[in-house]
Amino acid sequence: MLKAIKIVLVGTSHPGNIGGVARAMKNMGLAELCLVAPRGKFPHQDAAFRSAGAIDILEQAKIYDCLEDAVADCTLVAGSSARSRHLPWPLLNPRELAGRLEQELAHTEHRIALVFGREDRGLSNEELHLCHLHVHIPCNPDFSSLNLAAAVQVLTYELRMAVLATQEKQAMPEAQHFGTEWDVPFANSETLEHFFNHLEHTLIDINFHNPDKPRQLMSRLRRLYMRARPDTIEVNMLRGILTLTQQAANKNAATKPPESN
Ligand code: SAH
């Protein structure tokens, strides 16, 4: 199960921290590291040094230009944040996230991304809005920002503990498995981004949304759909509805008599 989880570091400035993260990951049995626009040089000897031998993870690290591309194949995107933001989003602590792991990975094609922000200013609002949920490590509120690798360590430790508990449960002969599996895989981020794009265009077509005065409409709709966790069939149905809505709006616009004054 741990192999289905990737760690995504956004805009990291210190290569040493990337090495520290690789070490924390390997300690906990994770292997996939993604770097989004690292600000320092990479590969770097400080990263290799701080990885204390987790070189394989650094060598296989994938580099992306933007977060959207790094999480495109993921069905659950969890953004780790040291502070609360303007628009409240579903918020879990690491143990609560770990408690959902078994259910989240019920399908073999499901993949999870844990996203971590910049050392100096964390994740932007746009990046946090690409996430289904946010994770906060409840530490001293007067001193709540952990070192990047320490934050990765805490989250991955909780995930490992949850996996060990699941394996123990499965090893018991009398183990009963209740039907927690969903019948259809959840939509991944790429599919959801296409849907949000289609939704925005449709809302413009029907004059519900004015991109010049966006307010928080798209962010709030994003939060609603992310909370609902649509599966692939549900997204297809929603997109079918949007297509017909656009067609109806276009037809309406074409047949409407010119406005008299
Ligand atoms: N100064 C930044 C904190 C950056 S720490 C800010 O105010 O946002 C670098 C990253 O480590 C954060 O973006 C976050 O992903 C993670 N992190 C640090 N402390 C955390 C905490 N208490 N809970 C969850 N994630 C945390």
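Note that ligands are numbered from 1 as they come in the structure, with each ligand's atoms numbered from 1 the same way. All values below were derived from every heavy atom in this structure, side-chain atoms included, with hydrogens, water molecules and symmetry-related copies excluded. Treat the numbers as computed from the prediction; the structure is a model and nothing was measured. Position 1 is the first residue of the sequence; numbering continues from there.
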Shortest protein contact, atom 12 (C) of ligand 1 (heavy atom only): G117 N, 3.8 Å

Approximate separation, where rounding is to 0.5 Å, of I112 CD1 and L159 CG: 7.5 Å

Pair H201 and H198, ring centroids less than 6.0 Å apart: no

Separation of F196 CZ from L203 CG (nearest 0.5 Å): 11.5 Å

Option of least heavy-atom distance to atom 5 (S) of ligand 1 (set: N17, L146, L148, V21): L146

Those atoms of ligand 1 less than 4.0 Å from some heavy atom in S145: 3 (C), 4 (C), 5 (S), 19 (N)

Test of proximity, I137 against ligand 1: N or O pairs below 3.5 Å: yes

Ring centres under 6.0 angstrom apart (W89, H132): no

For atom 17 (N) of ligand 1, closest protein heavy-atom neighbour: A151 CB, 3.6 Å

CD1-CD distance between I5 and E32, expressed to the nearest 0.5 angstrom: 10.5 Å

Ligand 1 atoms in contact with V135 (distance to a heavy atom under 4.0 Å): 24 (C)

Nitrogen or oxygen atoms of N147 and ligand 1 under 3.5 Å apart: no

Atoms of ligand 1 close to D120 [distance to a heavy atom under 4.0 angstrom, numbered from 1]: 1 (N), 2 (C)

For R39 against S13, the heavy-atom pair lying closest together: NH2-OG, 3.1 Å

For atom 14 (C) of ligand 1, closest protein heavy-atom neighbour: S80 O, 3.2 Å

Lys/Arg N to Asp/Glu carboxylate O, R229 vs E234, below 4.0 Å: no

Heteroatom proximity flag, C139 to ligand 1, N/O under 3.5 Å: no

Identity of the nearest option to atom 2 (C) of ligand 1, non-hydrogen atoms only, from G79, P138, G122: G122

Same apolar cluster: V152 and I57, side chain cutoff 4.5 Å: yes

Proximal ligand 1 atoms for F116, defined as those under 4.0 Å from one of its heavy atoms: 15 (O)

Identity and distance of the protein heavy atom lying nearest atom 22 (N) of ligand 1: S144 O, 2.8 Å

Interatomic distance, K26 atom NZ to L30 atom CG [nearest 0.5 angstrom]: 12.5 Å

R83: numbered ligand 1 atoms lying under 4.0 Å from its heavy atoms: 6 (C), 7 (O), 8 (O)

